[in-house]
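See below for the structure under consideration.
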Number of protein chains: 2
Amino acid sequence: MAANSRLTIATHALTWLALAQRRGQEVLTSDQVAASVNTNPVIIRRSLGDLRRAGLVEVRHGAGAGWSLARAPEEITLLQVYDAVGGEQPFGLHRTEPNLECPVGRGIRPALNQTYGRVEQAIRRELADTSIADVLRETLTN
Amino acid sequence: MAANSRLTIATHALTWLALAQRRGQEVLTSDQVAASVNTNPVIIRRSLGDLRRAGLVEVRHGAGAGWSLARAPEEITLLQVYDAVGGEQPFGLHRTEPNLECPVGRGIRPALNQTYGRVEQAIRRELADTSIADVLRETLTN
DNA sequence: ACGGCTGTAACAGAAAATGTTACGACAAGG
DNA sequence: CCTTGTCGTAACATTTTCTGTTACAGCCGT
């Protein structure tokens, strides 16, 4: 299984920003976030860069720079994060085009796209139901 | 995106077996299935081997060997296929353990597991709603 | 102007999925 | 019982993707 962890990394960063904000810390640097996630600061800058383009976080440059949430944790859903970091399809179609001379090879891709589309919608519904505030609350109770 | 195509390959093979069966062809060899999927016969043997272990297909050895469905196409759901081929999680957790000295690093994995578990259940519900017979019908209308 | 931090390119490394070759095991049919 | 065609699986090659790392230019408070 090659599941990527981008949604996890981004959610972790946002949750950490939310907690820091609540504690009165205005901004966090990518080094500080990286220390919590336990990875390289560049990974964090890439991830938070995606979130900035989606309008979920703000960045300050220059001396005393760093990241902060662009809106309240209750207003950020995991679906927004998923879209921001480039949501991936759970299932891939054929890597090489199937044999179009076979009736199954010809028609199966649209048929599967239909089913896979329903799965994707189900995923989106679940992700839309969870906010960063929810994740932070759950995180602190564990 | 690294989505793997195992569910797609397995479903394609089953759909092709279902159509062949309806046409009166008792068994298909892995070469014949591979020709429709447009891949290597070994890939098909591996995939159908998973399905055989799950009781979804039967195999005949020796001369005149090949594969056939072990039950009616209406009785095979994509959820069974998903489980047979080793369903993968849509989202991965951190690759390296987060910093456990940080409250977020300590509690976020169980929190995310909870949300990711709900997503997984939603996926399973959708897959359970589609059978190979459904896929075959959709495939032939396209 | 200085210093600290972001933004991004470029490359290295690792991991996973897929594709390929090869060969032993097996069973139907002569 | 021997031939023939196919499965089962190991071993390896290839491709792709994700992650990690280094490096450096750009920005902006102080």
Side-chain angles (χ1 to χ4, degrees), chain A residues 1-10 12-13 17 25-35 37-54 57-68 70 85-99, chain B residues 1-10 12-13 17 20 25-35 37-54 57-68 70 85-98:
Chain A
M1 181 234 42
N4 79 27
S5 57
R6 278 188 295 214
L7 181 61
T8 294
I9 302 301
H12 186 148
L17 285 179
Q25 184 144 19
E26 285 180 35
V27 300
L28 291 178
T29 68
S30 49
D31 268 24
Q32 290 173 310
V33 176
V37 177
N38 191 22
T39 185
N40 192 292
V42 174
I43 305 292
I44 300 300
R45 284 188 218 134
R46 289 206 273 242
S47 180
L48 287 175
D50 288 339
L51 300 177
R52 177 177 55 75
R53 278 180 281 276
V57 299
E58 286 168 347
V59 65
R60 208 185 297 174
H61 273 216
W67 306 85
S68 56
V85 299
E88 60 170 6
Q89 303 291 328
F91 308 119
L93 290 180
H94 308 69
R95 219 158 255 232
T96 64
E97 179 169 80
N99 183 352
Chain B
M1 129 40 263
N4 78 29
S5 55
R6 278 188 294 215
L7 181 61
T8 294
I9 302 300
H12 185 148
L17 285 178
Q25 183 143 21
E26 285 182 36
V27 301
L28 291 179
T29 68
S30 47
D31 269 24
Q32 291 172 309
V33 177
V37 177
N38 189 24
T39 185
N40 193 290
V42 174
I43 304 291
I44 300 299
R45 284 187 217 133
R46 290 206 272 242
S47 180
L48 287 175
D50 288 338
L51 300 178
R52 177 178 56 76
R53 278 181 281 277
V57 300
E58 286 169 347
V59 65
R60 209 186 295 173
H61 274 216
W67 307 86
S68 56
V85 299
E88 59 169 7
Q89 303 291 327
F91 307 118
L93 290 181
H94 307 69
R95 227 161 246 233
T96 63
E97 179 170 81

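Throughout, a chain's letter reflects where its sequence line sits, starting with A, and its residues are numbered from 1.
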>> Out of the candidates Leu51(B), Leu48(B), Thr29(B), only one should pair with Trp67(B) under the side-chain contact (heavy atoms from CB on, under 4.5 Å) rule; please name it.
In response: Leu48(B)
Which listed nucleotide ([options]) is nearest to the side chain of [X]?
| X | options | value |
| --- | --- | --- |
| Asn4(B) | dT20(C), dA17(C), dT6(D) | dA17(C) |
| Arg53(A) | dT20(C), dT8(C), dC7(D) | dT8(C) |
| Val59(B) | dT16(D), dC7(D), dG7(C) | dC7(D) |
| Ala65(B) | dG20(D), dT6(C), dT6(D) | dT6(D) |

>> Under 3.5 Å, is there a donor on one side chain and an acceptor on the other for Ser5(B) and Arg95(A)?
In response: no
Using a cut-off of strictly less than 4.0 Å, decide whether [X] has a side-chain nitrogen or oxygen near OP1 or OP2 of [N].
| X | N | result |
| --- | --- | --- |
| Arg52(B) | dG8(D) | yes |
| Thr39(B) | dG19(C) | yes |
| Ser30(B) | dC7(D) | yes |
| Ser5(B) | dT18(C) | yes |

>> Holding to salt bridge (charged side-chain N to carboxylate O under 4.0 Å, His left out), I want the full list of residues that pass it with Glu58(A), two or more places apart in sequence or in another chain.
In response: none
Let me know the distance between [atom1] of [X] and [atom2] of [N], rounded to the nearest Å.
| X | N | atom1 | atom2 | value |
| --- | --- | --- | --- | --- |
| Arg95(A) | dT14(D) | CZ | C1' | 11 Å |
| Phe91(A) | dA17(C) | CZ | P | 14 Å |
| Arg6(B) | dA16(C) | CZ | P | 11 Å |
| Leu7(A) | dT19(D) | CG | C1' | 16 Å |
| Ile9(B) | dG19(C) | CD1 | C1' | 12 Å |
| Gln32(B) | dG5(D) | CD | P | 14 Å |
| Glu58(A) | dT6(C) | CD | C1' | 15 Å |

>> Quick one: does any side-chain atom of Thr8(B) pair with a main-chain N or O of Gly92(A) as donor and acceptor, under 3.5 Å?
In response: yes
>> Main chain of Glu97(B), side chain of Asn38(A): is a donor-acceptor contact present, judged purely on distance under 3.5 Å?
In response: yes
>> Among residues 41-48 of chain B, which ones have heavy-atom contacts with DNA chain D below 4.0 Å?
In response: Val42(B), Arg45(B), Arg46(B)
Exercise: identify the closest heavy-atom pair between [X] and [Y]:
| X | Y | value |
| --- | --- | --- |
| His12(B) | Pro98(A) | CE1-CB, 3.8 Å |
| Arg46(B) | Arg53(B) | O-NH2, 4.4 Å |
| Ser68(B) | Val27(B) | CB-CG1, 4.3 Å |
| Gln32(B) | Leu28(B) | OE1-CA, 3.3 Å |

> Are the side chains of Ile9(A) and Val37(A) in touch, meaning some heavy atoms are under 4.5 Å apart?
Replying inline: yes
Report each atom pair, protein N/O against N/O of nucleotides 25-30 of chain C, whose distance is under 3.5 angstrom.
{"residue": "dA27(C)", "atom": "N3", "partner": "Ala63(B)", "partner atom": "N", "Å": "3.4"}

> Between Leu28(B) and Asn40(A), which has a closest nucleotide on DNA chain D that is more 5'?
Replying inline: Leu28(B)
